[in-house]
Amino acid sequence: MAGFVPFTFTIQPMKAHPDSDFFYMVYEVVRLVPYGRVTSYGAIAQYLGVKGSSRMVGWAMNSSHRHHSPVPAHRVVNREGMLTGKNHFATPTMMQELLESEGIQVKKDCVVNFKKLFWDPNEALKM
DNA sequence: TAGCTGACGAAAA
DNA sequence: TTTTTCGCCAGCT
């Protein structure tokens, strides 16, 4: 947790974005994931009020590389902590390398201590 | 224009 | 407890 950077960022009300679409909101939440922490597709979907649409969060990540602003998609894993999206990075190992560069241990495509590193936007960003 | 796809997750069997 | 099925819905073809 040495690399943990406290953040005082407060998320704006979702509907405040003039061009607020679902993908944009997903990117906003992903950017709020603290350094050295991870979250899940389902948690993001739940925070956005579309609990059953976790697949759409994954789809948003798939399109995130086209977004002009950087999106730390490597911090988003499935509910078991598995790096299911690694094949969508430039190289299959890039996602793991990015996580390890933040001090997150990865074994067998799975985040070590996932429960401890899990960052829940529903708790951290609740208004 | 319409059908298909998908980096998930929860419920049912 | 484990496996299978189905809903979610925006973007792509």
Side-chain angles (χ1 to χ4, degrees):
Chain A
M1 202 63 78
F4 179 76
V5 178
F7 67 106
T8 54
F9 198 111
T10 51
I11 190 168
Q12 299 174 14
M14 291 306 176
K15 291 179 181 177
H17 299 297
D19 60 338
S20 68
D21 57 315
F22 181 76
F23 280 27
Y24 189 90
M25 292 189 288
V26 172
Y27 301 148
E28 283 291 290
V29 177
V30 175
R31 288 198 199 98
L32 293 176
V33 179
Y35 183 94
R37 302 292 294 278
V38 294
T39 190
S40 72
Y41 302 99
I44 294 172
Q46 186 176 9
Y47 176 71
L48 294 178
V50 285
K51 192 176 179 178
S53 300
S54 48
R55 294 187 74 174
M56 296 312 302
V57 177
W59 185 238
M61 293 299 98
N62 191 28
S63 304
S64 65
H65 63 277
R66 290 182 302 142
H67 212 260
H68 60 276
S69 301
V71 178
H74 61 282
R75 294 183 191 146
V76 187
V77 297
N78 77 354
R79 68 176 188 137
E80 296 178 333
M82 296 186 69
L83 279 57
T84 48
K86 64 172 187 172
N87 290 327
H88 293 260
F89 284 77
T91 66
T93 58
M94 181 174 285
M95 187 175 187
Q96 179 174 338
E97 290 169 2
L98 287 169
L99 288 171
E100 289 177 337
S101 72
E102 296 187 4
I104 298 173
Q105 291 186 323
V106 179
K107 281 187 180 179
K108 295 182 179 178
D109 296 339
C110 198
V111 174
V112 179
N113 284 330
F114 173 64
K115 287 185 178 179
K116 278 190 174 183
L117 295 174
F118 179 66
W119 179 82
D120 188 356
N122 298 285
E123 287 296 321
L125 304 178
K126 63 184 177 184
M127 292 173 279

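The sequence lines fix the lettering, A, B, ..., with proteins before strands; numbering per chain opens at 1.
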How many angstroms lie between atom OH of Y41(A) and atom OG1 of T84(A), to the nearest 0.5 angstrom? 4.0 Å
What is the distance from CG of D120(A) to C1' of dG9(B), rounded to the nearest Å? 15 Å
Side chain of N122(A), backbone of A43(A): donor and acceptor closer than 3.5 Å? yes
From CD of Q46(A) over to P of dG7(C), roughly how many Å is that when rounded to an integer? 20 Å
With both distances under 3.5 angstrom, what nucleotide forms a Watson-Crick or G-U wobble pair with dC6(C)? dG9(B)
Separation of Y27(A) atom OH from dG11(C) atom C1', in whole Å? 11 Å
Among dG9(B), dC9(C), dG11(C), which nucleotide sits nearest the side chain of F23(A)? dG11(C)
Could you check whether any side-chain N or O of N87(A) sits under 3.5 Å from a backbone N or O of P92(A), counting only pairs where one atom can act as donor and the other as acceptor? no
Supply the atom-to-atom distance K115(A) NZ to E80(A) CD, rounded to the nearest 0.5 angstrom. 10.5 Å
Side chain of R55(A), base of dG9(B): donor and acceptor closer than 3.5 Å? no
Below 3.5 Å, does any donor atom in the side chain of S53(A) face an acceptor in the base of dC8(C), or the other way round? no
Find the distance Y47(A):OH to dC8(C):P and express it as a whole number of Å. 23 Å
Sugar-phosphate only, base, or nothing, as touched by A73(A) at under 4.0 Å among non-hydrogen atoms: base
Where is the tightest heavy-atom contact between M25(A) and L48(A), given as atom of each residue plus distance? CB-CD2, 3.8 Å
Which nucleotide sits closest to the side chain of N78(A): dA7(B), dG9(B), dG11(C)? dG9(B)
Rounded interatomic separation in angstrom, taking OH from Y41(A) and P from dG7(C): 23 Å
Considering only heavy atoms and no angle criterion, is a donor-acceptor pair shorter than 3.5 Å present between the side chain of R79(A) and the base of dG9(B)? no
Let me know the distance between CE of M56(A) and C1' of dC8(C), rounded to the nearest Å. 8 Å
When rounded to the nearest Å, what value does the distance between P atoms of dA7(B) and dT3(C) take? 22 Å
Rounded to whole angstrom units, what separation is found between the CG atom of N62(A) and the C1' atom of dC9(C)? 15 Å
Which nucleotide in the list dG11(C), dG9(B), dA7(B) gets nearest to the side chain of W59(A)? dG11(C)
I44(A) has an atom CD1; how far is it from atom P of dA7(B), in whole Å? 15 Å
